[in-house]
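Starting from 1, each residue takes its place in the sequence as its number.
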Amino acid sequence: MTEPHGAPGRKTAHRAQAATRPPARRDARAGVERVTAVPLPTAHGTFLAVGYLDHERGDEHVALVHGDPGADGVLTRLHSECLTGDAFGSRHCECGDQLAAALRAVTDEGAGVVVYLRGHEGRGIGLLAKLRAMALQAEGLDTVEANLALGLPVDARDYGAAAGVLADLGVRSVRLMSNNPRKHEALVRHGIRVTERVPLLIPPCESNIGYLRAKRERLDHDLPHLDRPAAPDAVPVSR
């Protein structure tokens, strides 16, 4: 392509290059673009790791897809990132254990999806704010009171990107592994039908029983197993 008066300018060349580029896979509702996909062997089985960019918020998400999930009644977990729980094994919450349990459930099922959502740290307030909230919890506030004391929302998470990821994967309805009815409601609002909510209950320990009770009493999580005594904290393994 040439311009009428001489060599093509930089903007024109860029437009010409863009015109020949294949269209990105992007969900119009949530601004989510599929960027790449690669097999990912894990301790729980082999998944296809599908990477997404959320153009609305700038976050990067990954869907771990096992087997051929199909379109309806797909066993699904929407997992909010939790560095302290997922990577460090924190006993303040049950997040790391929930992630492992969800991955095992999907492989046991033979097919399913775990969507790992970045930008959800601390129910959306970020890592440093979450650590500050945890410090207030150590002083006696519960998880809701701590966020409010910092002038932060109790739950700032948005699930539009998760719905966009599922839509891109061809998923129309899910069996949602979650104890949180608000997550169910959010998916439905974004056009993904929830045929069943599957409990994901992790035995509580002494370090997280108060936090989990606050989630049940203040945030409406379905956690009936908290009525049983909490187990002692795990004994550290010496190296």
Side-chain angles (χ1 to χ4, degrees), residues 32 34-54 59-70 73-123 127 130-131 134 157 159 161-162 165-166 168-171 174-180 183 187 196-209 211-212 215 221-223 225-226 230-239:
V32 174
R34 182 191 294 206
V35 176
T36 190
V38 61
L40 184 69
T42 77
H44 308 289
T46 298
F47 296 81
L48 182 68
V50 188
Y52 290 89
L53 177 61
D54 180 352
D59 294 316
E60 298 173 344
H61 311 293
V62 61
L64 297 178
V65 182
H66 183 72
D68 181 9
V74 178
L75 187 63
T76 299
R77 166 74 177 166
L78 307 183
H79 190 85
S80 297
E81 86 170 306
C82 175
L83 179 68
T84 52
D86 299 339
F88 302 151
S90 168
R91 310 314 295 170
H92 177 82
C93 63
E94 81 278 44
C95 299
D97 289 334
Q98 282 191 316
L99 178 58
L103 292 170
R104 288 195 301 269
V106 164
T107 55
D108 289 346
E109 178 88 0
V113 179
V114 175
V115 182
Y116 194 88
L117 296 162
R118 305 288 305 282
H120 278 203
E121 188 78 55
R123 297 196 301 275
L127 177 60
K130 182 178 84 168
L131 294 177
M134 288 170 62
R157 291 174 293 182
Y159 294 97
V165 167
L166 292 173
D168 177 76
L169 294 171
V171 174
V174 299
R175 291 155 50 220
L176 183 65
M177 288 185 281
S178 177
N179 309 317
N180 184 358
K183 193 178 290 188
L187 263 190
E196 180 185 1
R197 187 152 53 85
V198 179
L200 196 60
L201 303 176
I202 305 300
C205 65
E206 292 175 355
S207 291
N208 65 25
I209 185 66
Y211 169 76
L212 294 175
K215 286 175 70 174
H221 287 224
D222 292 332
L223 300 169
H225 65 311
L226 299 187
D233 288 343
V235 178
V237 177
S238 59
R239 298 289 183 183

Looking at side-chain heavy atoms only, is the closest gap between Tyr52 and Leu169 below 4.5 Å? yes
Can you measure from CG (Leu64) to OG1 (Thr46) and round to the nearest 0.5 angstrom? 11.5 Å
Check whether any side-chain heavy atom of Val106 lies under 4.5 Å from a side-chain heavy atom of Met177, and answer yes or no. yes
Is any side-chain heavy atom of Asn208 closer than 4.5 Å to a side-chain heavy atom of His92? no
Step by step, work out the side-chain contact (heavy atoms from CB on, under 4.5 Å) result for Phe47 and Thr42. CA-CA 7 Å; Phe47 296 81; Thr42 77; 3.5 Å; yes
With a 4.5 Å heavy-atom cut-off, do Leu166 and Leu187 have their side chains touching? yes
Kindly give the heavy-atom pair with the smallest separation between Ala101 and Ile202, and that separation in Å. CB-CD1, 4.2 Å
What I'd like to find out is whether the side chain of Val165 reaches to under 4.5 Å of the side chain of Leu117, using heavy atoms alone. no
What are the two closest non-hydrogen atoms of His61 and Ala161, and how far apart are they? NE2-CB, 3.7 Å
Return the CZ to CD distance between Arg118 and Glu81, rounded to the nearest 0.5 Å. 4.5 Å
Please tell me if the side chains of Arg157 and Asn180 come closer than 4.5 Å, counting only heavy atoms from C-beta onward. yes
After noting the C-alpha distance and the side-chain angles of Glu60 and Val35, does the key distance pass the side-chain contact (heavy atoms from CB on, under 4.5 Å) rule? CA-CA 10 Å; Glu60 298 173 344; Val35 176; over 6 Å; no
Please give me the minimum heavy-atom distance between Glu109 and Leu75, naming the atom from each residue. CB-CD2, 3.8 Å
How many angstroms lie between CZ in Arg77 and CG in Leu99, if you round to the nearest 0.5 Å? 8.0 Å
When you look at Lys183 and His221, which way does the side-chain contact (heavy atoms from CB on, under 4.5 Å) test go after all the steps? CA-CA 10 Å; Lys183 193 178 290 188; His221 287 224; over 6 Å; no
Under 3.5 Å, is there a donor-acceptor pair between the side chain of Ser80 and the main chain of His120? no
Please round to the nearest 0.5 Å and tell me the distance separating atom CG of Leu201 and atom CG of Asp222. 9.0 Å
d(Arg91 CZ, Tyr211 OH) to nearest 0.5 Å is 13.0 Å
If you apply the rule side-chain contact (heavy atoms from CB on, under 4.5 Å), what do you find for Leu131 with Glu121, and how did you get there? CA-CA 10 Å; Leu131 294 177; Glu121 188 78 55; over 6 Å; no
Quick one: closest heavy-atom pair of Cys93 and Cys82, and the distance? SG-SG, 3.8 Å
So do Glu94 and Pro204 actually touch side chain to side chain, heavy atoms under 4.5 Å? no
Please give me the minimum heavy-atom distance between Val74 and Gly70, naming the atom from each residue. CG2-O, 3.6 Å
Using a 4.5 Å cut-off on heavy atoms from C-beta on, say whether the side chain of Asn179 contacts that of Lys215. no
Separation between CG (Leu40) and NE2 (His66), nearest 0.5 Å, reads 12.5 Å
Looking only at heavy atoms, what is the nearest atom pair of Cys95 and His79, with distance? O-CE1, 3.2 Å
